[in-house]
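Only heavy atoms go into these numbers, but all of them, side chains included; no hydrogens, no water, no symmetry mates.
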Amino acid sequence: MSWTNPQKKLMAMACRSAGIDDNRRHLLLYQLGGRAIVNGCATSTSPKLTNADFEKMMYLIEGYAPGGQVMSYKPGHFEKKFIDGPYGRLYHRANKLSNTLQDSGVSPMGFVQKAVGRDFNGSLHNLDQDELNKAIDAMTAVIRRKGLA
């Protein structure tokens, strides 16, 4: 896995283009979840980062760019790749399950946090792909147990 040097360089250039400083870049890397963490710090050099993580990072950067345009890419380019990719599909599935639980009066965040094994500030966006799968499994189990399916 891990990002290639060209991916790391593109991410750094995109951050500069969007006016993102080093502190904000590290905060965005934390949103990639556990795979971005090495020795307690988020870093783009983590050997566990995937291409899906790269797409999510570029999508997050695009959200800060003026007009949603990163460098010479069309506005929304990375958003489309992210939403149409595997992470986007998992996120939407997890969000749908979360909404089902919330609509029935059950708050899913406590058992999702237990399933992923870390604090994620209550936002599914802060979970990586593996953690989203764990969250989906946990929410599906609660939905079945409560007879909501």
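With side-chain heavy atoms closer than 4.5 Å counting as contact, directly or through intermediates, the hydrophobic cluster containing Tyr30 also holds Ile37.
For His92, there are no side chain to side chain donor-acceptor pair (under 3.5 Å) partners two or more places apart in sequence or in a different chain. Qualifying side chain to side chain donor-acceptor pair (under 3.5 Å) partners for Tyr64, counting only residues two or more places apart in sequence or in other chains: Arg24. With sequence neighbours excluded, the residues satisfying side chain to side chain donor-acceptor pair (under 3.5 Å) with Glu131 are Arg118. Scanning for side-chain contact (heavy atoms from CB on, under 4.5 Å) contacts around Ala94 gives Leu124, Leu132, Ile136, Met139, with sequence neighbours left out. Partners of Arg25 under the side chain to side chain donor-acceptor pair (under 3.5 Å) rule, at least two apart in sequence or in another chain, are Asp22. Among residues two or more places apart in sequence or in another chain, the side-chain contact (heavy atoms from CB on, under 4.5 Å) test is passed with Ser72 by none. Listed by chain and residue number, Met71 satisfy the side-chain contact (heavy atoms from CB on, under 4.5 Å) test with Ser17 (two or more places apart in sequence, or in another chain).
For residues 50-72, every residue pair satisfying the salt bridge (Lys or Arg N to Asp or Glu O under 4.0 Å) rule, not counting sequence neighbours, is listed here: Arg35-Asp53. Evaluation of the side chain to side chain donor-acceptor pair (under 3.5 Å) test over residues 101-115, restricted to residues two or more places apart or in two chains, returns Ser98-Gln102. Screening residues 77-90 for salt bridge (Lys or Arg N to Asp or Glu O under 4.0 Å), with sequence neighbours left out, gives Lys80-Asp84. Pairs passing the ring-ring contact (aromatic ring centres under 6.0 Å, His included) check and including a residue from residues 31-56, sequence neighbours excluded, read Trp3-Phe54.
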### Query
What do the steps show when you test Val112 against Leu127 for side chain to side chain contact (heavy atoms under 4.5 Å, CB included), and what is the final call?
CA-CA 10 Å; Val112 168; Leu127 300 178; 4.3 Å; yes
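Leu49 has its side chain within reach of Leu32: a pair of non-hydrogen atoms, C-beta onward, lies under 4.5 Å apart.
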